[in-house]
Amino acid sequence: MLAASQTNKHLEGPPIFVISGSTGATGELLTHTVLAQFHDVHVPIHIEAHVHEPQQVIKAVAKAAAAGGIIVHTMVNAVCRKTLVEEAQQ
């Protein structure tokens, strides 16, 4: 849901959490590319980098959920990717 900012005419979008097993650069680039279509919307981007363990995935997904965020991921590790999908569906 978008909300109008009181200080300007830009809209505020939900935060996007990029979850990655590496630096998060690919997911961040993809996110910026998509957001370039929406000039009047400000969307905070949070990078959760170097996520290598299922417990880290659970923590990152919980953080995104608490903020009402959207998750973009580039998880290659099959166990972490499976954990991410399962946690995000809850």
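Bear in mind that the values here come from a model prediction, so they are computed numbers and not experimental data.
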Can you check whether [X] reaches [Y] side chain to side chain, under 4.5 Å on heavy atoms?
| X | Y | answer |
| --- | --- | --- |
| L30 | V18 | no |
| I45 | H32 | yes |
| Q56 | K59 | no |
| L35 | V41 | no |
| V72 | I19 | no |

Non-hydrogen atoms of [X] and [Y] that approach each other most closely:
| X | Y | value |
| --- | --- | --- |
| P54 | C80 | N-SG, 4.0 Å |
| G68 | P14 | O-CB, 3.6 Å |
| G24 | I47 | CA-CG2, 4.1 Å |
| G13 | P44 | O-CD, 3.7 Å |

Q.
Do I70 and F38 land in one hydrophobic cluster if side-chain heavy atoms of ILVMFWY residues count as linked below 4.5 Å?
A. yes

Q. When clusters are formed by joining ILVMFWY residues with side-chain heavy atoms under 4.5 Å apart, either directly or through shared neighbours, do V43 and L11 land in the same one?
A. yes

To the nearest 0.5 angstrom, please state how far the [atom1] atom of [X] sits from the [atom2] atom of [Y].
| X | Y | atom1 | atom2 | value |
| --- | --- | --- | --- | --- |
| M75 | E48 | CE | CD | 11.0 Å |
| I58 | Q90 | CD1 | CD | 8.5 Å |
| K82 | N77 | NZ | CG | 12.0 Å |

Q.
Strictly by ring pair (Phe, Tyr, Trp, His ring centres under 6.0 Å), give each pair with a member in residues 41-77 just once, sequence neighbours left out.
A. F17-H46

Q) Going by atom types only, do T74 and S20 share a side-chain donor-acceptor pair under 3.5 Å? A) yes

Q) Is the CD atom of Q55 crowded by more than 12 outside heavy atoms at less than 6.0 Å? A) no

Q: Under the side-chain hydrogen bond (donor to acceptor under 3.5 Å, both in side chains) rule, collect the residues that match up with T31, sequence neighbours excluded.
A: none

